[in-house]
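Small disclaimer: the values here were computed from a predicted structure and weren't measured. Quick note on labels: first sequence line is chain A, next is B, and so on, each numbered from 1. All values below come from the heavy atoms of this structure, side chains included, with hydrogens, waters and symmetry mates left out.
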Number of protein chains: 2
Amino acid sequence: MEKATHQQTKAHNRNLVLKTIFEHEAISRAEIARKTQLTRATVSELVNELLTEGIVEEVGTGASIGGKSPILLSLVPDSRFLIGVNLGQDNFIASVVNLRGEIKETIESPALRHNPDETLALVIDMLESLLQKQWKPIVGIGIGAPGLIHTRQGMVLRAVNLDWENFPLAHLLEERFHMPVSILNDSQATAIGEFVYGKHVSSGNLIVVNIRHGIGAGILINGRLFQGDGSAAGEIGHVVVNPQGDVCRCGKRGCLETIASAGAVLRRTGVASLSEALERWENGNSGMQAVVAEAGNALGEALAHLVGALNIHHIVLTGEMTRFGEPWLESVRHAMQKAAFHPLVEDTRLEIGMLDYRACILGAAAFMVLEDYDLLFLQEH
Amino acid sequence: MEKATHQQTKAHNRNLVLKTIFEHEAISRAEIARKTQLTRATVSELVNELLTEGIVEEVGTGASIGGKSPILLSLVPDSRFLIGVNLGQDNFIASVVNLRGEIKETIESPALRHNPDETLALVIDMLESLLQKQWKPIVGIGIGAPGLIHTRQGMVLRAVNLDWENFPLAHLLEERFHMPVSILNDSQATAIGEFVYGKHVSSGNLIVVNIRHGIGAGILINGRLFQGDGSAAGEIGHVVVNPQGDVCRCGKRGCLETIASAGAVLRRTGVASLSEALERWENGNSGMQAVVAEAGNALGEALAHLVGALNIHHIVLTGEMTRFGEPWLESVRHAMQKAAFHPLVEDTRLEIGMLDYRACILGAAAFMVLEDYDLLFLQEH
């Protein structure tokens, strides 16, 4: 029975061991065996491979519990690199990231909008310039983009700010750069970034709501991004919350985005930039304060639906709107608590994210590894 | 490396093989091997165990593809039985169910509400009477109950109609009957029932919304019930959808239940029973029709939030409200489409469930097996 499932079992176990090492600063072989429920012999064999690949190293000895002190293993953070990209509304940002989520180098460019080809050319230029730096080997490119993305197909289905429609971005970049490329919605990428690197204590389930020019969410279930049947899970910005509300860029009236987004705050107050809006708000401008409070309120009511549907105890808010800080967060929390079922919401923690714009970049890069640790093995490519 | 993971691998593979047989009317060893990616030798060894246990039998030969005709395997439907229970608002129903979800025997009793102990005594009476029938062996009891349930703890946290609060129902019944007992929310159980036995074509993801006296939902993700961090995922009935609305039994105003539930329709029209409400509605009573349409509308708007959050393409509606049939369904669909983001909702199919009240019973029973196929192995208990 062992023979033919050997390859499968081995790949499975190797992923398990690597995942366990990823999740710890330093860990002994014995502890890995305990956590993975594999034998010490199996763990040793797999760890040897990781040592040979240079992904893991021995970093000293841990506390002894009776016998000799165990040797501790740790990731070699700079043994592999990934590129994470955030194709944002106003700016494109691309970074080289190591295995610990440390950003090594970042380049940035205003988002061009002349035509789809120029946008692609800009992305390629940015990637080429990063690939020429000293960070080697780079094993994959992960991209977060606003709009409707089909991750499995590697397609941007629709992204207004990029002028792309049914655009096979991942495929085009893979052909160009001869390495794996993945693409996912920017709010989903942000959610992964906060989950993996945000130092939140979490059950494995997490909701991250990203409130910027638009609004989107990312949902982690049992430690993995849940994308739904069409890759668009978390696309909550265009749910109508007030049928008599303002016209939305999607064509409907009163979508959540028309009240609760940073874009809505600017539009409704006639202010040109978020910095200016923040200044007015800090100076006690009552019109601005009312609009920001209304934005928080609408968001909180929408969160009540997520609390009921998912009963996930931890919600993190990210994006430019979080610059309105604690008073805004309090209006969100108050509205959420008022609109949600008390026994569910009383255990729900709501907080602002830790990583700002970096969450998307780190999450887009981490997604690739989490979905397939094999990416890290050079000898098999 | 094979040695010590053997037990684990074997349990995993046995579950895989049994799951595959469960999912097919009849299937050959070769086909099982193909689907599970296990070797034929492994599959044969595991199938032999299942034959010995009597859970599986050979049922004839399939079409040959070149060589000799393959022997087909099938579940022995009556080799094991489970009891499924629905502790409903007005009635308790308990059934003996076989491995194909066929209901063998059902008993029913009006739900008593004198005190928690009498309620428990009634449940025990019903179970005892079923356990005395000819259906043997019965390997587990699965219960669906309205209210807040903590499945892992086996607790009814709060269930107004049962007078139970923090009540360790599963534990008490396990002690009494010496077999595994699980308890979950009735709408979650209903969702599993529709998923497994409802003959819906599905991606592995499914939302089932159960609209009866109250409203609850169950969400399947990758073929498994998602319960969230507190077992209460799908508890959407007490999300406020109209802050100026009627007072709800939960104490708040304007919960979804106060507009969209069957209970709301009766209360708002002053009609005593759903049959009477249906009669008026069928006779074209305009007041009744307006209230039912408004109920459908509110539900549709709430579904738009689920569509955005989860992007699951298939939503099934169950419960007494579905007796209002196609016109009501159309009002739900219309409101959902109006309130949801078009690219997401255009691929979302909305339909009425197949199994009526049986979904809860079948789902509560199936949940036990799906979570742990080992339940079926008598020799190891």
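- When heavy atoms are compared at a cutoff of 4.5 Å, B/A309 approaches chain A by way of both its backbone and its side chain.
- Partners of B/K19 according to the side-chain hydrogen bond (donor to acceptor under 3.5 Å, both in side chains) rule, which considers only residues two or more places apart in sequence or in another chain, are B/E23.
- With a threshold of 4.5 angstrom between heavy atoms, A/V241 approaches chain B through side-chain atoms but not through N, CA, C or O.
- Contact of B/L310 with chain A is made through backbone and side chain together, with heavy-atom distances under 4.5 Å.
- In this structure, B/V47 and B/S44 have side chains that are not in contact, with every pair of non-hydrogen atoms separated by 4.5 Å or more.
- Side-chain contact between A/R249 and A/H213 is present, with heavy atoms from C-beta onward closer than 4.5 Å.
- Interface check for chain A: of the options B/E235, B/H238, B/H305, the most heavy-atom pairs under 4.5 Å are formed by B/H305.
- Side-chain N/O atoms of B/T42 and B/T39 include a donor and acceptor closer than 3.5 Å.
- Of the listed residues (A/C250, A/P343, A/P243), the greatest number of heavy-atom pairs within a distance under 4.5 Å of chain B belongs to A/P343.
- Looking at B/V307, there are no atoms closer than 4.5 Å to chain A (heavy atoms on both sides), in backbone or side chain.
- Contact of the B/L317 side chain with the B/L299 side chain is registered, since non-hydrogen atoms from C-beta on lie closer than 4.5 Å.
- Proximity to chain A (any heavy atom under 4.5 Å) is restricted, for B/L148, to the side chain, taken from C-beta onward.
- Only the side chain of A/I219 comes within contact range of chain B, judged by heavy atoms closer than 4.5 Å.
- Note: B/I236 leads B/I236, B/T348, B/L256 in heavy-atom pairs under 4.5 Å with chain A.
- The parts of B/I312 that come within reach of chain A are both its backbone and its side chain, each placing non-hydrogen atoms under 4.5 angstrom from that chain.
- Remark: A/R34 pairs with A/E31 by the side-chain hydrogen bond (donor to acceptor under 3.5 Å, both in side chains) rule, at least two apart or across chains.
- With a 4.5 Å cut-off on side-chain heavy atoms, A/L50 and A/F377 count as touching.
- Inter-residue side-chain proximity for A/W164 and A/L169 is flagged as met; some heavy-atom pair is nearer than 4.5 Å.
- Proximity to chain B involves both the backbone and the side chain of A/A304, based on heavy atoms less than 4.5 angstrom apart.
- Using a 4.5 Å heavy-atom cut-off against chain B, the contacting residues of residues 220-231 of chain A are A/I221, A/F226, A/Q227, A/G228, A/D229, A/G230, A/S231.
- B/L370 places a side-chain heavy atom less than 4.5 Å from the side chain of B/I192.
- The shortest distance between side-chain heavy atoms of A/R212 and A/N210 falls below 4.5 Å.
- Evaluation of the side-chain hydrogen bond (donor to acceptor under 3.5 Å, both in side chains) rule for A/E351 yields A/H200, A/H314, A/R349 as partners, not counting sequence neighbours.
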